[in-house]
Peer 1: 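This is the structure I have questions about; it appears just below.
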Amino acid sequence: MQRVDEHGDPGASPAVVADLAVAMGELEASEHPRWVWESAATDYAALLGAGVLVERSHDLALVEAALLGYAGRFGESSRLAAAAARLRNEPVPPDEPARPTATQPGLFDDTTPRPLDDAVAVHAAQCAQLASPDGPDAWEPAPVTAARLRLLAATDSACGLVAAEMGHDGVPWRIDVHDRLLTEALGPRPRHGGRPPRLQALAERIAALLDVPRLNPDSAAEITTAFRHAGILLTSTRSFALRRLDHPAIEPLLEYKALARLHAAHGWAWSDEWVRDGRFRPEYVPAGVVSGRWASRGGGALQIPRAVRAAVVADPGHVLVVADARQLEPRVLAALSVDAGLIDAARSGDLYDAMATEAFAGDRATAKIAILSAMYGGGTGGGSSAVALATFRRRYPRALGLVEAAARVGEAGGLVRSVLGRTCPYAGVAPAGTTSETDDVEAQALRRSRDRGRFTRNFVIQASAADWAGVLLAVLRGRLAGIDDAARLVFFQHDEVVVHAPQALAGEVAAAIDAAADEATRLVFGSTDVSFPMPATVVPDYAAAK
DNA sequence: ACAGACCGCGCC
DNA sequence: AAAGGGCGCGGTCTGT
């Protein structure tokens with residue numbers, strides 16, 4: 001263990017302790033320092049196992065990743081060993097292949113001496129980079145100051161703590177409720193795998209209606225052939241395309257697809273694999289997505305379908321406090337662009353409603369399409385979304401100007417950053433399937449350029465929204481710790497949090513979420529007129545939240 | 001037989 | 001109605 005100051009300079013010489021978890025627990029209680037470690041994903045997980053919680057950290061791997069991105073150095077390893085080797089101008093050792101966290105050596109079971117000097121050196125270098133950011137030219141929606149980049153580093157580090165704690169605690173999950181939901185939808189669980197009764201019945205009905213014995217509805221090729229024999233040419237077997245067709249097999253096929261999806265992705269096998277002791281325990285990866293959104297490994301944690309959310313039930317005497325930031329991305333666009341009209345709309349609790357009243361003749365759906373098209377790069381065809389986008393351009397010129405500026409930079413091959421300095425990667429190779437032999441080279445280049453523009457256009461918004469959500473999470477974690485250890489974040493999904501808490505604390509938790517949203521807004525956007533409402537509902541189970 | 005690409009769909 | 005951003009995952013299909 002080594003003490004360092006806020007610039008990363010070491011003070012006294014390293015201390016050797018007999019029991020690291022005990023020593024850290026004592027220091028945490030007496031001094032609540034900012035712990036510097038390679039990665040909460042490995043190091044904090046071990047500490048949590050020993051029952052020690054910490055307040056603050058500096059996550060070398062997460063900060064290294066953010067700083068590498070800021071410097072435009074994508075694809076380089078953010079592991080401590082790699083960062084230390086770069087500092088020493090030595091060859092960078094290859095990353096070990098990813099292993100499940102449980103089997104990774106952490107602070108507590110590594111038999112080799114920890115590279116304490118490496119950690120001290122890399123930390124000091126990161127502090128220096130955070131104090132005077134240095135990176136390639138990039139388009140920024142707001143100047144990325146040292147203060148903003150430091151906030152990004154602190155936020156990613158805090159999110160590392162939240163992710164480790166959520167992974168450790170797990171999401172409350174009632175397998176009996178889950179089983180009941182599945183049985184109601186699919187029929188009883190088949191004993192030896194295979195299709196549940198309702199799926200089998202639907203498959204047979206579809207086969208009969210298309211006159212193809214043993215037709216497999218999961219096979220796009222078989223479905224396409226079967227419909228061709230029935231006189232219908234399919235361009236795709238996606239639900240939205242099928243829905244428009246007129247054939248008696250369509251309705252059971254759509255039903256089959258929905259139920260088959262439930263069975264395959266979140267059915268009994270999923271429950272067997274991912275739920276233990278009444279908790280669903282996925283692994284969260286903070287900033288695992290280029291935009292800084294979280295990713296997850298295993299169990300599809302960020303895609304829990306509405307159909308099974310009733311299985312997320314609070315423990316006896318407890319409740320779930322569920323809150324999502326309403327229309328987060330449009331509000332981020334309003335705050336970044338300082339568009340007077342959009343800021344006006346963002347004063348309202350329902351931004352789309354306000355836009356509709358102001359500019360879309362009261363048509364909320366069209367108002368929503370207009371702003372989503374602006375942020376995602378839609379409305380380029382001649383359809384109704386193009387008309388909506390034209391109205392948006394006229395009424396909210398600065399907002400559209402911001403995303404179009406970001407798109408132009410991307411089309412020209414440049415970099416863009418989020419409000420806190422998260423930086424988009426350079427264009428990679430064209431994804432497979434986006435080229436065809438009939439295209440000439442220029443057409444392919446043009447499409448790549450436009451795809452890139454759509455990506456950077458959205459990146460500015462999505463990544464800045466992820467900045468805000470990360471700060472919210474970091475602030476909320478601190479506020480919850482001030483209420484009671486029993487009030488725990490158990491789920492986070494882009495713009496939504498779920499807190500599991502004793503019933504008596506529900507009101508305090510809801511107030512903490514509200515205050516955390518305000519604080520995040522002030523930290524990220526300063527004194528903006530845009531409000532970021534995050535109303536909480538107190539529910540017994542997740543399905544009751546919306 | 002196995003690996004990786006592709007598709008489709010759940011979530012935001 | 002139409003088709004634009006980001007993911008993870010399971011099934012099929014294809015190439016070796």
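Atoms considered below: every heavy atom in the structure, side chains included; atoms not considered: hydrogens, waters and symmetry mates.
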Peer 1: If you take atom types as modelled and just measure distance, does the side chain of A:R261 reach the base of B:dC9 with a donor-acceptor pair under 3.5 Å?
Peer 2: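 Yes, the side chain and the base share a sub-3.5 Å donor-acceptor pair.
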Peer 1: Has the side chain of A:T237 got a donor or acceptor atom that lies under 3.5 Å from a matching backbone atom of A:A220?
Peer 2: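 It does not hold such a pair.
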Peer 1: Measure from CZ on A:R452 to C1' on C:dG5 and round the result to the nearest Å.
Peer 2: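 Distance check: A:R452 CZ to C:dG5 C1' gives 13 Å.
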Peer 1: Run through A:R488, A:R281, A:R477 and flag the one making a salt bridge (charged side-chain N to carboxylate O under 4.0 Å, His left out) with A:E165.
Peer 2: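 Between A:E165 and the candidates, salt bridge (charged side-chain N to carboxylate O under 4.0 Å, His left out) is satisfied uniquely by A:R477.
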Peer 1: Return the orientation label for the A:W468 and A:F532 ring planes: parallel under 30°, perpendicular over 60°, tilted otherwise.
Peer 2: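 The rings of A:W468 and A:F532 lie parallel, inter-plane angle below 30°.
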Peer 1: Round to the nearest Å and state the distance from A:H263 atom NE2 to B:dG8 atom P.
Peer 2: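 Distance check: A:H263 NE2 to B:dG8 P gives 22 Å.
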Peer 1: Mind listing the residues from residues 194-219 of chain A sitting with a heavy atom below 4.0 Å of DNA chain C? Number order is fine.
Peer 2: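 Here the set is A:N216, A:D218, A:S219.
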Peer 1: Contact class for A:R454 vs. all strands (heavy atom < 4.0 Å): base, sugar-phosphate, or nothing?
Peer 2: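 A:R454: backbone/sugar contact only, no base atoms under 4.0 Å.
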Peer 1: Check whether any side-chain N or O of A:D324 sits under 3.5 Å from a backbone N or O of A:E496 as a donor-acceptor pair, and report yes or no.
Peer 2: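 No.
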Peer 1: Write out all pairs satisfying salt bridge (charged side-chain N to carboxylate O under 4.0 Å, His left out) with one or both partners inside residues 400-416 of chain A, taking only residues at least two apart or from two chains.
Peer 2: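 The answer is A:R393-A:E404.
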Peer 1: How many Å lie between CG on A:L262 and C1' on B:dC9, as a whole number?
Peer 2: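 Taking atom C1' of B:dC9 as the reference, CG of A:L262 is at 12 Å.
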Peer 1: Less than 4.0 angstrom from a charged side-chain N to a carboxylate O is my criterion; do A:D156 and A:R422 meet it?
Peer 2: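 A salt bridge is present here (some side-chain N lies under 4.0 Å from a carboxylate O).
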Peer 1: Would you find more than 12 non-hydrogen atoms of other residues, nucleotides or ligands less than 6.0 Å from A:R450 atom CZ?
Peer 2: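 Result for CZ/A:R450: open.
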Peer 1: Quick check, are the ring centers of A:Y284 and A:F492 under 6.0 angstrom apart?
Peer 2: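 No, they do not, as the ring centres are separated by 6.0 Å or more.
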Peer 1: Got a sec? Which of residues 489-500 of chain A come in under 4.0 Å of DNA chain B, heavy atoms?
Peer 2: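 A:Q493, A:H494, A:D495, in order of number.
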Peer 1: Check the surroundings of atom CD1 in A:I250: do more than 12 heavy atoms from other residues, nucleotides or ligands lie under 6.0 Å from it?
Peer 2: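 Counting other residues, nucleotides and ligands, CD1 of A:I250 exceeds 12 neighbours.
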Peer 1: Does A:K257, at its NZ atom, have more than 12 non-hydrogen atoms belonging to other residues, nucleotides or ligands within less than 6.0 Å?
Peer 2: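 It does: A:K257 NZ has more than 12 such atoms within range.
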Peer 1: I'd like to know if A:D451 pairs up with A:R454 as an ion pair, taking the criterion as any Lys NZ or Arg NE/NH1/NH2 lying under 4.0 Å from an Asp or Glu carboxylate oxygen.
Peer 2: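 Yes, charged N to carboxylate O under 4.0 Å.
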Peer 1: Could you check which residues of residues 463-475 of chain A get a heavy atom under 4.0 Å from DNA chain C? Sort them by number, please.
Peer 2: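 Listed by number, there are none.
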Peer 1: Hey, does A:A221 reach any base, or is it just sugar-phosphate, or nothing, if we go heavy atoms under 4.0 Å?
Peer 2: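 The answer is sugar-phosphate, as A:A221 gets under 4.0 Å only of primed atoms, P, OP1 or OP2.
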Peer 1: Does A:F459 have its ring centroid less than 6.0 Å away from the ring centroid of A:W139?
Peer 2: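 Not under 6.0 Å, so no.
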Peer 1: C:dG5 base stacked by A:Y376? Criteria: ring centres under 5.5 Å, plane angle under 30°.
Peer 2: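 The base of C:dG5 is stacked with A:Y376 (centres under 5.5 Å, planes under 30°).
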Peer 1: Between A:L389 (CG) and C:dA3 (P), how many Å, whole number?
Peer 2: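 One finds 14 Å between P of C:dA3 and CG of A:L389, rounded.
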Peer 1: Can you pull out the residues from residues 300-307 of chain A that lie within a 4.0 Å heavy-atom distance of DNA chain C?
Peer 2: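 Contacting residues: A:G300, A:Q303.
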Peer 1: What is the separation between atom CD1 on A:I223 and atom C1' on C:dG11, rounded to the nearest whole Å?
Peer 2: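 Atom CD1 in A:I223 sits about 13 Å away from atom C1' in C:dG11.
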Peer 1: Just checking A:G379: base, sugar-phosphate only, or nothing, at a heavy-atom cut-off of under 4.0 Å?
Peer 2: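 Nothing, no heavy atom under 4.0 Å.
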Peer 1: Rounded to the Å, how far apart are A:W270 CH2 and C:dC9 P?
Peer 2: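 Whole-Å distance recorded here is 12 Å.
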Peer 1: Considering every strand and a 4.0 Å limit on heavy-atom distances, what is the contact class for A:G299: base, sugar-phosphate, or nothing?
Peer 2: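 Sugar-phosphate, no base atom in range.
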Peer 1: Less than 4.0 Å between a side-chain N and a carboxylate O, is that true for A:R189 and A:D272?
Peer 2: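 Result for this pair is yes, salt bridge flagged.
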Peer 1: Rounded to the nearest 0.5 Å, what's the gap from CZ on A:R331 to OG on A:S531? Could you check?
Peer 2: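 Those atoms lie 5.0 Å apart.
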Peer 1: Tell me the interatomic distance from A:D451, atom CG, to C:dG5, atom P, rounded to whole angstroms.
Peer 2: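 Result: 7 Å.
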Peer 1: DNA chain C: A:E273 or A:A220, which has the more 5' nearest nucleotide?
Peer 2: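 Here A:E273 is the residue nearer the 5' end.
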Peer 1: Nearest whole angstrom, please: distance from the C1' of C:dA3 to the CZ of A:R450.
Peer 2: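 After rounding, the gap between these two atoms is 16 Å.
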Peer 1: Looking only at the side chains, is there a donor atom on one of A:Q327 and A:D350 sitting less than 3.5 Å from an acceptor on the other?
Peer 2: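 Present: a donor and an acceptor within the cut-off.
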Peer 1: Could you check which residues of residues 232-257 of chain A get a heavy atom under 4.0 Å from DNA chain B? Sort them by number, please.
Peer 2: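 When residues 232-257 of chain A is checked for heavy atoms under 4.0 Å from DNA chain B, the hits, listed by number, are A:T237, A:R238, A:S239, A:K257.
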Peer 1: Does a sphere of radius 6.0 Å around CZ in A:R276 hold more than 12 heavy atoms from other residues, nucleotides or ligands, not counting ones at 6.0 Å or beyond?
Peer 2: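 At most 12 heavy atoms, drawn from other residues, nucleotides or ligands, come within 6.0 Å of this atom.
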Peer 1: Measure up the A:F360 and A:Y396 rings against each other and bin them: parallel (under 30°), tilted (30 to 60°), perpendicular (over 60°).
Peer 2: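 Geometry flag for A:Y396 against A:F360: parallel rings.
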